[in-house]
Amino acid sequence: MRRSLVFPMETDNSYVELVPQKNLDMEAFTLCMRVATELAKGNREIILFAYRTLYHDELNVWREADGEYSLYLSGDGVLFHLPELNTFQTHLCLTWDSKSGMAAFHVDGKRSVRKVYKPGHKVQKGGKFILGQDPNSFLKDFESKQSFIGEITDVNMWDYVLSDAMIEALHVGKRMPRGNIFDWETIELIVNGNVKVITEEL
Amino acid sequence: MRRSLVFPMETDNSYVELVPQKNLDMEAFTLCMRVATELAKGNREIILFAYRTLYHDELNVWREADGEYSLYLSGDGVLFHLPELNTFQTHLCLTWDSKSGMAAFHVDGKRSVRKVYKPGHKVQKGGKFILGQDPNSFLKDFESKQSFIGEITDVNMWDYVLSDAMIEALHVGKRMPRGNIFDWETIELIVNGNVKVITEEL
Amino acid sequence: MRRSLVFPMETDNSYVELVPQKNLDMEAFTLCMRVATELAKGNREIILFAYRTLYHDELNVWREADGEYSLYLSGDGVLFHLPELNTFQTHLCLTWDSKSGMAAFHVDGKRSVRKVYKPGHKVQKGGKFILGQDPNSFLKDFESKQSFIGEITDVNMWDYVLSDAMIEALHVGKRMPRGNIFDWETIELIVNGNVKVITEEL
């Protein structure tokens with residue numbers, strides 16, 4: 001059994017807070033999720049993941065209005081050109097490592113080019129992780145035109161970089177290694193507004 | 001061996017009535033069929049399935065003129081953005097559950113996003129199920145510009161929601177579970193007008 | 001473990017020199033590499049591989065501005081129409097044989113049409129092999145608008161033509177036969193400018 005989050009419509013108040021298992025400064029991470037949306041390319045930007053501390057957007061993942069994907073670690077972002085999201089589930093992972101600055105997406109198990117982004121940077125602890133909205137201040141000031149519509153499941157996060165082979169295995173359904181920041185099987189979710197939590201068979 | 005229905009041309013009088021095994025108020029359903037058509041996107045709407053009681057369109061499935069797919073349960077419908085039907089067979093399933101209101105298409109075994117549609121609604125019993133035409137009144141008043149042209153086979157229906165894994169298995173040829181509203185292997189078909197019933201090897 | 005070269009940005013001074021195991025006049029060759037780039041089709045030409053002697057471009061491989069691929073053996077080139085490179089790794093091989101003049105690309109293990117190109121020609125020894133830039137004179141005069149941006153790994157070269165089956169096997173990960181001009185596992189690389197050498201698990 002697995003929980004799946006359905007965001008049925010555009011709103012400025014529906015979101016899900018993800019409660020992390022540990023609260024740490026991150027010098028590396030792997031973030032994975034399965035995403036389906038019918039918001040067609042070129043329409044508007046879509047927030048896919050937001051982690052915000054009191055004064056900063058610490059780690060945001062976007063599908064930009066022009067169809068590109070982006071990662072922002074407090075400040076300027078880095079862009080990737082990936083296949084379009086669609087009504088069927090796409091397995092999306094994102095890795096980043098402070099030491100080398102290497103960032104890459106993995107789409108259905110295939111890695112994008114690596115890009116050098118903010119070597120030496122650290123993601124600060126003490127923030128809130130949310131799906132569905134982009135907080136312009138701490139858990140408020142949401143814009144409906146940035147909200148997510150569609151379905152998200154299997155959100156897992158690690159404080160290290162998984163290998164290409166491990167991510168390929170996750171894509172085809174392996175459930176190891178379990179996320180040590182978020183583990184979707186046990187994660188505590190705090191639902192706000194119009195979000196349906198479905199329990200689905202696997 | 002399996003029967004396949006060929007609708008060779010645009011008409012306002014050719015259709016096939018499907019005789020159900022039981023006649024019940026439906027609080028959930030799964031409807032599957034294999035469909036091939038060369039009516040290209042954008043041309044016109046195409047009726048894929050119609051269930052009508054004396055005064056109401058109870059359950060209609062359309063390919064809309066703009067290429068979207070829709071489900072109508074007496075009243076406003078819900079739209080899905082799916083890959084285009086084409087000259088090859090597409091395995092199309094549609095699920096809906098009154099309790100949650102969750103509706104989804106499955107195209108060749110892959111599920112679309114789920115949408116919330118008419119939670120608490122019930123599909124009324126006592127109607128007629130037809131392929132090929134949209135009845136604007138009870139089994140008459142057909143419009144040729146809405147008729148289906150192409151081929152339909154393997155129409156099965158259940159009064160419950162099949163799991164993603166079961167639908168994936170049906171797509172690749174598994175013939176279980178057998179439909180409890182329609183079972184294509186044993187279904188009684190009442191053919192009207194210019195529709196060819198082909199028996200094909202599997 | 002395998003080294004991977006990341007060229008993060010457009011420059012006119014970043015390149016990697018590959019030191020060959022032997023220095024010979026080549027009457028045939030197979031050149032393979034894995035390449036990922038987000039430089040979209042139609043933007044500009046991209047140098048994929050350059051081998052230059054003091055006065056001549058001896059063996060250059062390009063992605064042309066119009067999306068075609070080309071091989072130049074000192075003088076006019078030969079063009080191939082192949083699938084577009086993208087953010088995921090493409091396994092690209094190129095074979096040429098002086099006796100027949102047969103040239104062909106292999107993309108992810110699938111061979112292109114063969115083309116007849118410069119039968120009787122010989123590739124001269126004594127040059128420099130480089131990735132990332134096209135030298136308009138001997139290891140200088142680079143143009144940033146021709147530079148490579150993205151990721152290259154698994155560059156191997158042989159002084160004979162590998163069979164289609166051998167190249168298909170290399171594509172799926174077989175590491176035999178080892179390149180006798182370049183063997184990526186042991187090759188000496190001389191890095192210049194902004195190129196990151198990543199060591200990745202396999």
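Order of the sequence lines fixes the chain letters, A, B, ..., with proteins taken first and strands second; residue numbering starts at 1 for each chain.
Summarising the local packing, CG of A:Asn23 is surrounded by more than 12 heavy atoms from other residues, nucleotides or ligands at distances under 6.0 Å. Residue-environment remark: NZ (C:Lys118) exceeds the threshold of 12 foreign heavy atoms within 6.0 Å. With a 6.0 Å radius and a threshold of 12 heavy atoms from other residues, nucleotides or ligands, A:Tyr55 has its OH atom at or below the threshold.
The nearest pair of heavy atoms linking A:Val113 to C:Gly150 is CG1-CA, 4.3 Å.
A salt bridge is absent between C:Glu151 and A:Lys115: the closest approach of a Lys/Arg side-chain nitrogen to an acidic carboxylate oxygen does not fall below 4.0 angstrom.
Within the 4.5 angstrom heavy-atom criterion, no atom of A:Tyr117 approaches chain C. The parts of C:Gln89 that come within reach of chain A are both its backbone and its side chain, each placing non-hydrogen atoms under 4.5 angstrom from that chain. When heavy atoms are compared at a cutoff of 4.5 Å, C:Thr37 approaches chain A solely by way of its backbone atoms N, CA, C and O. With a 4.5 angstrom heavy-atom cutoff, C:Ile198 touches chain A only via side-chain atoms.
Contact of the C:Thr87 side chain with the A:His81 side chain is not registered, since no non-hydrogen atoms from C-beta on lie closer than 4.5 Å. Counting heavy atoms from C-beta on, the side chains of C:Glu200 and A:Met102 never come closer than 4.5 Å. Residues C:Phe88 and A:Arg111 have side chains not in contact (no heavy-atom distance under 4.5 Å, counting atoms from C-beta outward).
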